[in-house]
Amino acid sequence: MALLRKINCGLLILLILVTLALLYSKTRPQTLHKYSELWEDPGKVPRNNVEDETKEDRVIPVVICASEERIGASMATINSIYSNTRASVFFYIVTLQDTFQKIREYIENTKLRKIKYKILEFNSMVLKGKVNPDSSRPELLHPLNFVKFYLPLLAIENHERIVYLDDDVIVQGDIQELYRIKLKPGHAAAFASDCDLPPTHEMVRSVGMQTTYMGFLDYRKEEVRELGINPSDCSFNPGVFVADIGEWKKQKITKQLEKWMAENFRENLYSSAVAGGVATPPMLIVFHDKYTTIDPLWHVRHLGWSPDARYPESFLQEAHLLHWNGRFKPWDYPCTHLDLWEKWFIPDPTGKFSLVRP
């Protein structure tokens, strides 16, 4: 009997230890990347929206940001992509914490409920000490403008490359064509060069469009001059690009971008008055002469540069991607070529996002 009691006692202790071990494994904090600024939406996502995510050869991953005040814009971009391809597209929708539920409601209560997606949070604290708070255009300092700097940290490690798009974009072509662009050896990304603008963009040049590094960097600063970048070199727009995640990591692109953010924080190398924002210049510096060029029709931009300048409608119909970069957005007013954007706009089922019209 004494032996039996000892055996029972031993089994009880073992059972308690196993139970404690299981509880610990479920409740202990997960080990995150050292930045710890991006993570998957902990909320419930319908299973049919994530089942193909890991099959890289069958999926085109698209990263797009969705701020609360521009959520309808992001949904229009997503709708245009989803409606113009037969490929399997997986959307990584990056936002701030207080917008999670709004995005989910927008998607699940509209035709977008069929898309495959994951909502990711961006922790703006990662920008502390890297971005000056003052700006002539405060909207350009929104934390989500800097998400493109941190692509490898977005829990998308299973993808070899991704497509990044700003939320003021409409895709009229098949996103597969952009995704499958052949990047040159050693290039971590592909952008549309401002030297490759079609002749029709001459009307945009006449209203002050920036096309060279002189328009983005302050060449009065010695540190800028020491870069050895000719001020007349052509710039590019980082609102649309394809990124090779492996090369991005190999070349430590994120660390390079953060370095120039910190330099500008101290030295004001590219103030918003010069650059029209502080998210573009670091990309211009890090990728100078180190990127593959995109077909110009895959990034027809500056539709939001002026409320009066218009492109020929025939040209815009041929364009694969339209970008309303600039102050005049198509969900606001005034703006040009509103019909091409509204075609893809899906009204907010909650009624919180609405168009501004005369």
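Values in this document were obtained by computation on a predicted structure and should not be read as measured data.
Within the 4.5 Å cutoff, the side chain of Val62 has no heavy atoms near those of the Tyr82 side chain. Inter-residue side-chain proximity for Thr350 and Lys102 is flagged as unmet; no heavy-atom pair is nearer than 4.5 Å. The shortest side-chain heavy-atom distance between Glu223 and Leu269 falls under the 4.5 Å cut-off. Side-chain contact between Pro152 and Thr254 is present, with heavy atoms from C-beta onward closer than 4.5 Å.
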Practice item. For the pair Trp324 and Asp332, evaluate side chain to side chain contact (heavy atoms under 4.5 Å, CB included) and give the outcome as yes or no after the intermediate values. Key: CA-CA 11 Å; Trp324 278 264; Asp332 210 337; over 6 Å; no
Practice item. Show your working on side chain to side chain contact (heavy atoms under 4.5 Å, CB included) between Phe287 and Ile253 and close with a plain yes or no. Key: CA-CA 9 Å; Phe287 285 101; Ile253 297 296; 3.8 Å; yes
Check your understanding: Is there a side chain to side chain contact (heavy atoms under 4.5 Å, CB included) between Asp174 and Asn84 once you walk through the steps?
Key -> CA-CA 6 Å; Asp174 189 335; Asn84 287 307; 6.0 Å; no
**Study point:** Test log, rule side chain to side chain contact (heavy atoms under 4.5 Å, CB included), inputs Glu68 and Phe353
**Key:** CA-CA 9 Å; Glu68 181 176 7; Phe353 180 91; over 6 Å; no
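Phe216 and Tyr219 fall within the same hydrophobic cluster, defined by Ile, Leu, Val, Met, Phe, Trp and Tyr side-chain heavy atoms under 4.5 Å apart, directly or through other members. Linking ILVMFWY residues whenever their side-chain heavy atoms come closer than 4.5 Å, directly or via other members, places Met214 and Ile229 in the same cluster. A continuous path of hydrophobic side-chain contacts links Ile285 to Val131 [ILVMFWY only; heavy atoms under 4.5 Å].
A side-chain N or O of Asp166 and one of Tyr164 form a donor-acceptor pair less than 3.5 Å apart.
One distance of note links NZ of Lys184 with OG1 of Thr293; it measures 6.0 Å at 0.5 Å rounding. In this structure, CG on Leu303 lies 10.5 Å from NZ on Lys329, to the nearest 0.5 angstrom. Interatomic distance, Leu120 CG to Leu154 CG, rounded to the nearest 0.5 Å: 6.0 Å. Of the inter-residue distances, the one linking Ile78 atom CD1 with Ser83 atom OG reads 11.0 Å to the nearest 0.5 angstrom. Note that CH2 of Trp305 and CG of Asn325 are 7.0 Å apart. Values are rounded to the nearest 0.5 Å. Distance check, rounded to the nearest 0.5 Å: CG of Leu338 to CZ of Phe328 gives 12.5 Å.
Residues Ile294 and Ala190 approach most closely at CD1-O, 3.3 Å, considering heavy atoms. Residues Met283 and Pro238 come closest through the heavy atom pair CE-CB, 4.0 Å. Of all the heavy atoms in Ile346 and Tyr106, the pair that sits closest is O-OH, 2.6 Å. The heavy-atom pair separating Ile64 from Asp167 by the smallest distance is CD1-CA, 4.2 Å. Residues Thr336 and Pro307 come closest through the heavy atom pair CG2-O, 3.4 Å. Contact detail for Arg161 and Leu183: the closest heavy-atom pair is NH2-CD1, 3.6 Å.
In this structure Trp260 satisfies the ring-ring contact (aromatic ring centres under 6.0 Å, His included) test with no other residue, sequence neighbours excluded. Listed by chain and number, the residues in a ring-ring contact (aromatic ring centres under 6.0 Å, His included) with Tyr213 are His288 (sequence neighbours excluded).
Judged purely by atom type and a 3.5 angstrom limit, Lys130 uses its side chain to pair as donor or acceptor with the backbone of Val126. The backbone N or O of Lys111 sits nowhere less than 3.5 Å from a side-chain atom of Lys114 that would complete a donor-acceptor pair. Panel note: side chain Glu121, backbone Phe100; no donor-acceptor pair is recorded below 3.5 Å. Not one N or O on the side chain of Lys221 forms a donor-acceptor pair closer than 3.5 Å with the backbone of Leu217. For the pair Ser88 (side chain) and Val59 (backbone), a donor-acceptor distance under 3.5 Å is absent. Thr95 places a side-chain N or O within 3.5 Å of a backbone atom of Ala66 that can act as its donor or acceptor partner. Under a 3.5 Å cut-off, the side chain of Gln256 and the backbone N or O of Gln251 do form a donor-acceptor pair. Side-chain N or O atoms of Ser74 include one that pairs as donor or acceptor with a backbone N or O of Cys65 at under 3.5 Å.
Sorted by first and then second residue, the pairs that involve residues 342-358 and meet salt bridge (Lys or Arg N to Asp or Glu O under 4.0 Å), not counting sequence neighbours, are Glu342-Arg357.
Tyr92 has its ring centre less than 6.0 Å from the ring centre of His159.
A salt bridge links Asp194 to Arg301: at least one charged side-chain nitrogen sits closer than 4.0 Å to a carboxylate oxygen. Between Arg266 and Glu263 there is a salt bridge, with a side-chain nitrogen of the basic residue lying less than 4.0 Å from a carboxylate oxygen of the acidic one.
With Trp344 as the fixed residue, the side chain to side chain contact (heavy atoms under 4.5 Å, CB included) test singles out one of Val171, Ile170, Ile81, Thr77: Ile170. If you run ring pair (Phe, Tyr, Trp, His ring centres under 6.0 Å) between His323 and each of His302, His299, His337, only His299 comes through.
Using cut-offs of 30° and 60° on the angle between ring planes, the pair Trp331 and Trp341 is tilted. The aromatic rings of Phe315 and Tyr311 lie tilted to each other, with the angle between the two planes from 30° to 60°. In this pair, Tyr291 and Phe191 present their aromatic rings perpendicular. The plane angle is above 60°, beyond the 30 to 60° band.
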